[in-house]
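In what follows, a structure is listed as structure tokens, so that the remarks can point back to it.
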Amino acid sequence: MAVLVTGGAGYIGSHTCVELLEKDYEIVVIDNFSNSQPESLKRVSEITGKIFPVIEVDLRNREDVEDIFKQFNIQAVIHFAALKAVGESVTKSLLYYQNNLISLLNILDVMDQYSVQQIVFSSSATVYGDNGRSPLKEETHTGAVNPYGQTKLMAEKILEDLSASNREWKSVILRYFNPVGAHESGKIGEDPGGVPNNLMPYLSQVAVGQRTHLSVFGCDYPTKDGTGVRDYIHIMDLAAGHVKALQFLENNEGCHTFNLGTGKGYSVLEMIHVFQQVTGIPIPYQIVDRRAGDIAECFANPKKAEKHLEWKAVRTLSDMCRDTWRWQSSNPFGYHPQSKMKTKKASGA
Ligand code: NAD
Ligand code: UFG
């Protein structure tokens with residue numbers, strides 16, 4: 001019996017595969033590699049010393065998804081596969097609705113047909129929009145402000161309705177806050193491809209010399225130092241949350257939603273400061289205008305996951321910065337070693 005990991009070659013999926021294999025789960029990975037490289041999964045094998053099936057499948061194609069269920073004995077699914085760039089979702093909304101929702105509907109439909117009715121779904125803190133005051137609890141009113149967030153809200157609703165219609169269906173919805181960092185080995189990490197949208201990959205590309213400076217988006221928010229505050233969570237803590245979610249599914253009916261965050265908020269300037277301290281590398285930055293659509297503050301109340309999943313984030317912000325840097329400095333171009341751009345020599349951790 002295996003766990004099917006969709007989107008398993010991606011950032012969160014690849015780290016979760018390591019965690020699953022180390023906990024002796026059998027896995028099958030499917031991905032269309034639209035935002036990832038097969039190399040990440042080769043490295044998962046290197047880290048764990050285990051091999052597992054990897055099949056190129058686009059989840060929008062139902063027949064290909066069904067072939068996987070014909071071929072393998074699947075016991076549960078962790079569904080990571082989705083497009084996730086907020087800005088792109090505004091300009092290519094149809095692509096986002098098609099990719100994220102048709103993929104979900106196909107996998108659920110095939111699962112139902114094969115009586116595989118346990119799923120862990122990747123949602124996001126983005127579903128809270130700008131509604132609640134942090135720390136955010138799961139019952140906070142939701143309201144997405146972009147098509148990407150809408151796909152997550154719609155997906156959550158589909159899973160809730162499915163469990164309500166049939167008690168055999170068990171689902172866990174995980175609302176991630178801001179995943180950062182990399183596996184402690186430095187062999188796998190976040191490889192955004194192109195100009196990173198998110199703070200940590202941008203910051204580490206500045207550190208490695210690929211970008212001249214970091215733009216800090218706004219310094220006039222009502223926060224501790226005026227810059228945006230987020231709940232950064234180490235990717236391996238997040239990965240561990242998925243194993244806990246699978247264990248929870250074995251004994252719990254219905255659809256359950258959990259925040260996965262640390263409960264602590266750090267500002268952009270604090271992130272720069274800690275990164276510099278941990279790595280010894282200066283990060284040039286400039287304060288610029290706010291980025292459209294950003295909110296001032298967003299951090300989790302993680303108590304529900306602590307209580308019911310028996311999960312808690314244990315790694316510190318220093319761990320997150322150290323592991324980000326180990327990955328970035330030993331893989332300056334992510335999974336593309338051939339790039340000719342000049343980089344600084346790695347130092348620090
Ligand atoms: P990622 O882009 O690194 O991984 C997603 C993977 O899904 C990629 O390997 C991609 O090739 C694959 N994929 C996309 N569409 C597919 C399709 N139609 N068929 C098959 N494979 C497909 O992203 P990630 O950061 O690992 O995110 C994983 C999940 O977590 C996503 O659902 C994302 O929305 C969600 N999430 C991510 C963050 C974050 O900050 N990284 C935050 C909250 C939620
Ligand atoms: N920031 C900068 N400069 C940058 C990038 C980001 O100052 O170059 C700031 C942002 O303004 C924000 C903070 O750093 O205050 C974090 O920004 P990210 O882009 O890293 O993360 P967001 O919280 O904006 O969004 C991310 C994902 C969303 C997801 C959300 C919650 O991009 O998809 O976390 O999980 F919904």
Side-chain angles (χ1 to χ4, degrees), residues 5-16 29-38 40-41 55-61 64-65 78-87 89 95-96 98-104 106-107 121-129 136 144-146 148-149 151-152 155 174-180 190-193 195-203 205-206 211 213-219 221 223 227-233 235 238 259-261 265-269 271-272 285-300:
V5 184
T6 78
Y11 174 43
I12 306 174
S14 55
H15 289 79
T16 302
V29 173
I30 57 174
D31 203 300
N32 67 355
F33 304 109
S34 58
N35 196 38
S36 56
Q37 310 292 323
S40 65
L41 295 168
I55 299 132
E56 186 166 349
V57 168
D58 190 319
L59 280 134
R60 287 169 293 187
N61 186 339
D64 290 354
V65 177
I78 306 184
H79 183 54
F80 291 109
L83 294 173
K84 62 165 182 177
V86 172
S89 80
L95 173 68
Y96 272 66
Q98 274 176 342
N99 192 75
N100 295 0
L101 294 177
I102 291 177
S103 295
L104 176 70
N106 279 343
I107 190 86
F121 176 72
S122 300
S123 188
S124 165
T126 198
V127 298
Y128 295 116
L136 294 158
V145 292
N146 52 64
Y148 166 69
T151 68
K152 293 297 177 192
L174 299 176
R175 291 180 179 160
Y176 312 147
F177 280 69
N178 290 58
V180 297
E190 187 168 12
D191 181 15
V195 182
N197 295 313
N198 299 114
L199 179 66
M200 272 306 252
Y202 204 105
L203 200 159
Q205 288 192 6
V206 172
R211 311 207 176 266
H213 68 279
L214 175 75
S215 296
V216 174
F217 298 141
C219 65
Y221 285 107
T223 58
T227 64
V229 166
R230 296 292 184 274
D231 187 337
Y232 298 95
I233 173 170
I235 188 73
L238 195 74
N259 285 336
L260 292 189
Y266 289 99
S267 73
V268 178
L269 294 181
M271 295 299 285
I272 296 172
Y285 69 88
Q286 273 173 18
I287 310 270
V288 299
D289 287 347
R290 290 180 179 194
R291 180 171 67 178
D294 272 358
I295 57 174
E297 195 162 69
C298 175
F299 56 94

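Counting starts at 1 for both ligands and their atoms, in listed order.
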Inset, instruction - Under 4.0 Å from a heavy atom of Gly228: give me the atoms of ligand 2 that qualify, with their elements. - result: 15 (O)

Legend entry - Closest protein heavy atom to atom 34 (O) of ligand 1, given as residue, atom name and distance to 0.1 Å: Tyr148 OH, 2.6 Å

Inset, instruction - Using a strict 4.0 Å cut-off to heavy atoms of Val216, name the atoms of ligand 2 that fall inside it. - result: 7 (O)

Legend entry - Closest protein heavy atom (residue, atom, distance) for atom 3 (N) of ligand 2: Ser215 O, 2.7 Å

Inset, instruction - Pull out every atom of ligand 1 sitting under 4.0 Å from any heavy atom of Ser34, numbered as shown with elements. - result: 10 (C), 11 (O), 13 (N), 14 (C), 15 (N)

Inset, instruction - Answer with side chain, backbone, both or neither: which part of Ala82 has a heavy atom less than 4.0 angstrom from an atom of ligand 1? - result: both

Legend entry - Contact atoms of ligand 2, heavy-atom distance to Tyr148 under 4.0 Å: 33 (O)

Inset, instruction - Would you mind running through ligand 2 and noting each atom that sits below 4.0 Å from a heavy atom of Asn197? - result: 5 (C), 19 (O)

Inset, instruction - May I ask whether Ser14 places a heavy atom under 4.0 Å from ligand 1? - result: no

Inset, instruction - May I ask you to identify the nearest protein heavy atom to atom 16 (C) of ligand 2, giving residue, atom name and distance to one decimal place in Å? - result: Tyr232 OH, 3.4 Å

Legend entry - atom 2 (O) of ligand 1: nearest protein contact (heavy atom, Å): Asn35 ND2, 2.7 Å

Legend entry - Any N/O pair Ile30/ligand 1 closer than 3.5 Å: no

Legend entry - Protein heavy-atom partner closest to atom 11 (O) of ligand 2 - residue, atom, separation in Å: Asp294 OD2, 2.5 Å

Inset, instruction - Among all protein heavy atoms, pick out the one at the shortest distance from atom 18 (P) of ligand 2; state its residue, atom name and that distance to 0.1 Å. - result: Asn198 ND2, 3.4 Å

Inset, instruction - Identify, by atom number and element, the atoms of ligand 1 in contact range of Phe33, meaning under 4.0 Å from any of its heavy atoms. - result: 11 (O)

Inset, instruction - For atom 28 (C) of ligand 1, find the nearest protein heavy atom and state the residue, atom name and distance (0.1 Å precision). - result: Phe80 O, 3.6 Å

Inset, instruction - Quick one: look at Val268 and ligand 2, take heavy-atom pairs under 4.0 Å, and tell me if it's side chain, backbone, both or neither. - result: side chain

Legend entry - Side chain, backbone, both or neither: the part of Tyr285 lying under 4.0 Å from ligand 2 by heavy atom: neither

Legend entry - Numbered atoms and elements of ligand 1 in range of Val57, under 4.0 angstrom, heavy atoms: 19 (N), 20 (C)

Inset, instruction - Would you mind checking which non-hydrogen protein atom is closest to atom 4 (O) of ligand 1, with the distance to 0.1 Å? - result: Gly10 CA, 3.4 Å

Inset, instruction - Please report which non-hydrogen protein atom sits nearest to atom 15 (N) of ligand 1, along with the residue it belongs to and the distance in Å to one decimal place. - result: Asn99 ND2, 3.1 Å

Inset, instruction - May I ask you to check whether Phe217 has an N/O atom sitting below 3.5 Å from an N/O atom of ligand 2? - result: yes

Legend entry - Heavy atom of the protein closest to atom 13 (N) of ligand 1 (residue, atom name, distance): Asn32 OD1, 3.4 Å

Inset, instruction - For atom 12 (C) of ligand 1, grab the closest protein heavy atom and report residue, atom and distance to one decimal in Å. - result: Asp31 OD1, 3.3 Å

Inset, instruction - Quick one: pull up CZ in Arg230 and CG in Asn198 and give me the separation to the nearest 0.5 Å. - result: 10.0 Å

Legend entry - Atom pair CG/CD1 of Leu238 and Ile233 - distance to nearest 0.5 Å: 5.0 Å

Inset, instruction - Using a strict 4.0 Å cut-off to heavy atoms of Asp58, name the atoms of ligand 1 that fall inside it. - result: 17 (C), 18 (N), 19 (N)

Inset, instruction - Report the part of Ala125 (side chain from C-beta onward, or backbone N, CA, C, O) that has a heavy atom under 4.0 Å from ligand 1; answer both or neither where that applies. - result: neither

Legend entry - Contact summary for Leu41 and Gly8, nearest pair of heavy atoms: CD2-O, 3.4 Å

Legend entry - Flag, side chain of Ser40 to backbone of Ala9, donor-acceptor distance under 3.5 Å: yes

Legend entry - ligand 2-proximal atoms of Val86, by part, heavy-atom distance under 4.0 Å: side chain

Inset, instruction - Would you check whether Met200 has a nitrogen or oxygen atom less than 3.5 angstrom from a nitrogen or oxygen atom of ligand 2? - result: no

Legend entry - Minimum side-chain heavy-atom gap Pro192-Gln205 below 4.5 Å: yes

Legend entry - Sub-4.5 Å side-chain heavy-atom contact between Asp58 and Asp64: no

Legend entry - Sub-4.5 Å side-chain heavy-atom contact between Asn146 and Thr126: yes

Legend entry - Closest to atom 35 (O) of ligand 2 among Tyr128, Phe177, Tyr202 (heavy-atom distance): Phe177

Inset, instruction - Compute the shortest N/O to N/O distance between Leu59 and ligand 1 and return yes if it is under 3.5 Å, no if not. - result: yes

Legend entry - ligand 2 versus Leu214: contacting region, heavy-atom distance under 4.0 Å: side chain

Legend entry - Element-labelled atoms of ligand 1 that are located less than 4.0 Å from some non-hydrogen atom of Ser124: 43 (C), 44 (C)

Legend entry - Thr6 contact mode with ligand 1 (heavy-atom cut-off under 4.0 Å): neither

Legend entry - Protein contact to atom 26 (C) of ligand 2 [nearest heavy atom, distance to 0.1 Å]: Asn178 ND2, 3.7 Å

Inset, instruction - Give the residue and atom name of whichever protein heavy atom lies nearest to atom 12 (C) of ligand 2, and the separation in Å to one decimal. - result: Arg230 NH2, 3.7 Å

Legend entry - Numbered atoms of ligand 2 (with element) below 4.0 Å of Tyr176, judged on heavy atoms: 35 (O)

Inset, instruction - Report, in ascending order of atom number, the atoms of ligand 1 lying under 4.0 Å from any heavy atom of Ser103. - result: 18 (N)

Legend entry - Side chain, backbone, both or neither: the part of Pro179 lying under 4.0 Å from ligand 1 by heavy atom: side chain

Inset, instruction - Among all protein heavy atoms, pick out the one at the shortest distance from atom 27 (O) of ligand 1; state its residue, atom name and that distance to 0.1 Å. - result: Ile12 CD1, 3.7 Å

Inset, instruction - Please identify which atoms of ligand 1 are closer than 4.0 Å to at least one heavy atom of Ser122. - result: 29 (C), 30 (O), 32 (O), 35 (C)

Legend entry - Side-chain heavy-atom pair Val216, Ile272 within 4.5 angstrom cut-off: yes

Inset, instruction - Using a 4.0 Å heavy-atom cut-off, say whether Lys152 meets ligand 1 through its side chain, its backbone, both or neither. - result: side chain

Legend entry - Shortest protein heavy-atom distance from atom 36 (F) of ligand 2, along with the residue and atom involved: Ser124 OG, 2.7 Å

Legend entry - Spacing of Tyr221 atom OH and Ser267 atom OG [to the nearest 0.5 Å]: 12.5 Å

Legend entry - All ring-ring contact (aromatic ring centres under 6.0 Å, His included) counterparts of Tyr176, not counting sequence neighbours: His242

Inset, instruction - Report the nearest protein non-hydrogen atom to atom 19 (O) of ligand 2: residue, atom name, distance rounded to 0.1 Å. - result: Arg291 NH2, 2.8 Å

Inset, instruction - Check Cys298 against ligand 2 and report side chain, backbone, both or neither, counting heavy atoms closer than 4.0 Å. - result: neither

Inset, instruction - Run down the list Leu199, Asp231, Val180, Asn146 and name the one with the heavy atom closest to atom 6 (C) of ligand 2. - result: Leu199

